[in-house]
Amino acid sequence: MRIATWNINGVRSRLDGALAWLKETGPDVACFQEIKCTDEAFPAEAFEGLGYNVAVHGQKGFNGVAILSKRPLDEVAVKGLPGDAADTHSRYIEAVVSRPEPGPEPRPEAHNGSRNGGVVRIANLYLPNGNPIGTDKFAYKLAWMRRLQEHVEGLLGLEEPLLIVGDFNVIPEPVDARNPQSWADDALFQPETRAAFRTLLNLGLTDAVRACHPEPGVYTFWDYQAGAWQKDHGIRIDHILMSPQAADRLKASGIDKFTRSWEKPSDHVPVWVELA
DNA sequence: ATGCCGGGCGAAGCCCGA
């Protein structure tokens, strides 16, 4: 079962590329961030034509997240990150997806929920950028991360296979940037930002890409500006974090870097995991 | 120090991003 996440930087202007990527890689679940449109303007029919069920939490002009799933979306549990009724940004959507029937695999079902064939809970997020530091935008980012921490603590109590995916806007470690010193004053790489991300991981989550790819040079974002792609000045800020019950089923993880050289690319590329 | 590039909005130039 393949689950992928992609900040597509505008779903309508990126529709042809999104459809080509879905056809080429065939994820069972695809999570988008920065769809930059309302629920009504989301091109659901195009994705339904490829066999996907669609759940959208959109917003006019910017932000916005969506989940596509070939399996039924059993429960679109949450739209909008809990913990602050005054936060109007559309940055979080959570759904439960039924896993494919297990087939001949003899694995017992004790650790993956109890419904038929088991389920995977998908939390799809677009974490605030937070720049510039020292402003209310950075305070909003840190507050958002605290709210995420509290929400994830609750989810982990369910003891389900859980994937927390999306654009975290966090460079976790120096190895996750080609030129870490150039991000020293950026919200994505502040000590407070990195500490909040570690606190999240320390709940017992596994960073799927890093678990499979310990080497340097693994990036998910290259700025449009200053020839960042051509010079490979990338950063790794799009992540898939797994609960223990999901990590038990990890088979592989990777980055679809090839989309960055397409015509009119997103500045982010897709990240995926393959689960048993 | 700022802009570089790019989408959205809306019809010029600003907001937002990372």
Side-chain angles (χ1 to χ4, degrees), chain A residues 5-19 21 31-43 46 56-66 87-92 124-145 148 165-194 196-197 209 218-239 255 257 259-271:
Chain A
T5 174
W6 192 7
N7 180 327
I8 50 173
N9 189 17
V11 69
R12 289 171 295 176
S13 63
R14 214 72 65 202
L15 184 57
D16 289 347
L19 294 172
W21 168 73
C31 297
F32 292 144
Q33 303 87 39
E34 279 206 273
I35 60 173
K36 295 188 175 181
C37 66
T38 61
D39 293 9
E40 294 73 27
F42 188 83
V56 184
H57 184 44
Q59 176 175 353
K60 187 180 180 68
F62 64 112
N63 298 327
V65 287
D87 181 5
T88 57
H89 287 199
S90 296
R91 297 180 175 275
Y92 184 90
N124 175 23
L125 63 85
Y126 174 46
L127 206 147
N129 172 300
N131 278 307
I133 59 174
T135 68
D136 55 354
K137 291 192 174 186
F138 188 59
Y140 172 60
K141 177 183 192 133
L142 295 179
W144 207 95
M145 294 184 84
L148 179 64
V165 316
D167 177 359
F168 283 70
N169 272 317
V170 176
I171 303 168
E173 301 291 341
V175 70
D176 297 308
R178 174 66 178 273
N179 295 119
Q181 66 280 3
S182 70
W183 299 93
D185 296 324
D186 195 285
L188 281 60
F189 197 51
Q190 287 310 291
E192 301 97 316
T193 305
R194 295 174 58 200
F197 187 79
V209 167
V218 179
Y219 309 128
T220 66
F221 171 90
W222 296 261
D223 202 294
Y224 291 121
Q225 305 180 67
W229 168 245
Q230 289 75 13
K231 293 187 277 192
D232 196 26
H233 285 179
I235 50 177
R236 193 174 73 94
I237 57 175
D238 301 271
H239 306 298
I255 294 172
K257 190 174 176 178
T259 64
R260 189 61 179 80
S261 52
W262 284 358
E263 290 293 315
K264 288 180 67 70
S266 171
D267 40 5
H268 297 250
V269 298
V271 177

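Chain A is the first sequence line, chain B the second, and so forth, proteins listed ahead of strands; every chain is numbered from 1.
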Practice task
May I ask you to say what A/R236 touches in the nucleic acid, namely base, sugar-phosphate or nothing, with a heavy-atom cut-off under 4.0 Å?
Solution key: nothing
Handout entry: Distance, nearest 0.5 Å, that separates SG of A/C37 from CG of A/N63
Key = 11.5 Å
Show the distances under 3.5 angstrom between N or O atoms of the protein and N or O atoms of nucleotides 13-15 of chain B.
none

Exercise for the section: Have a look at A/F189 and say if it touches a base, only the backbone sugar-phosphate, or nothing, with a 4.0 Å heavy-atom cut-off. Expected result: nothing
Would you mind writing out the side-chain donor-acceptor pairs for residues 225-233 of chain A within the sub-3.5 Å range, not counting sequence neighbours?
from, atom 1, to, atom 2, distance (Å)
A/K231, NZ, A/A226, O, 3.1
A/D232, OD1, A/W222, NE1, 2.9
A/H233, NE2, A/N179, OD1, 3.4

Exercise for the section: Please report the closest heavy-atom contact between A/L127 and A/M145, naming both atoms and the distance. Expected result: CD2-CG, 3.8 Å
Practice task
Describe the nucleic acid contact of A/H268 in one word from base, sugar-phosphate, nothing, applying a heavy-atom distance below 4.0 Å.
Solution key: sugar-phosphate
Exercise for the section: Decide yes or no, distance alone: a donor-acceptor N/O pair under 3.5 angstrom between the base of B/dA18 and the side-chain of A/N129. Expected result: yes
Practice task
For A/P128 and for A/C37, find the nucleotide of DNA chain B with the closest heavy atom, then tell me which residue's nucleotide is more 5'.
Solution key: A/C37
Handout entry: Sidechain-backbone polar pair: A/W183 side chain, A/A177 backbone, donor-acceptor under 3.5 Å
Key = no
Practice task
Answer whether the closest heavy-atom distance between the side chains of A/W6 and A/D238 falls below 4.5 Å.
Solution key: no
Exercise for the section: Indicate the ring-plane relationship of A/Y140 and A/H89, choosing parallel, tilted or perpendicular according to the 30° and 60° boundaries. Expected result: perpendicular
Exercise for the section: Write down the distance between CG (A/D176) and C1' (B/dA18), rounded to a whole number of angstrom. Expected result: 15 Å
Practice task
Report which part of the nucleic acid A/D238 touches: base, sugar-phosphate, or nothing (heavy-atom distance under 4.0 Å, all strands).
Solution key: nothing
Practice task
Please check if the side chain of A/E34 supplies one atom and the backbone of A/Y126 the other of a donor-acceptor pair under 3.5 Å.
Solution key: no
Handout entry: B/dC4 and B/dC14, which share atom name P, separated by this distance in whole Å
Key = 12 Å
Exercise for the section: Under 4.0 Å between any heavy atoms, over every strand shown, what does A/D167 touch: base, sugar-phosphate, or nothing? Just pick one. Expected result: sugar-phosphate
Exercise for the section: May I ask you to say what A/K141 touches in the nucleic acid, namely base, sugar-phosphate or nothing, with a heavy-atom cut-off under 4.0 Å? Expected result: nothing
Exercise for the section: Say whether A/Q33 and A/N124, considering side chains only, have a donor N or O and an acceptor N or O under 3.5 Å apart. Expected result: yes
Exercise for the section: Between B/dG17 and B/dA11, how far apart are the P atoms? Round to whole Å, please. Expected result: 22 Å
Problem - For atom CD of A/Q230 and atom P of B/dC4, their distance in whole Å - result: 17 Å
Practice task
Could you state the atom-to-atom distance from NE2 of A/H89 to C1' of B/dG17 in whole Å?
Solution key: 12 Å
Fill in the blank from the handout: When rounded to whole Å, the CG to C1' distance for the pair A/N63 and B/dA18 reads 14 Å
Practice task
Just call it for A/D267: base, sugar-phosphate, or nothing, with non-hydrogen atoms closer than 4.0 Å on any strand.
Solution key: nothing
Quick test: give all pairs of protein nitrogen or oxygen and nucleotides 5-8 of chain B nitrogen or oxygen below 3.5 Å, distance rounded to 0.1 Å.
from, atom 1, to, atom 2, distance (Å)
B/dG7, OP1, A/K264, NZ, 2.8
B/dG7, O3', A/S13, OG, 3.3

Exercise for the section: Answer yes or no: is there an ion pair linking A/E192 with A/K141, defined by an N-O contact shorter than 4.0 Å? Expected result: no
Problem - Gap in Å between the two C1' atoms, one belonging to B/dA18 and one to B/dG7, rounded - result: 14 Å
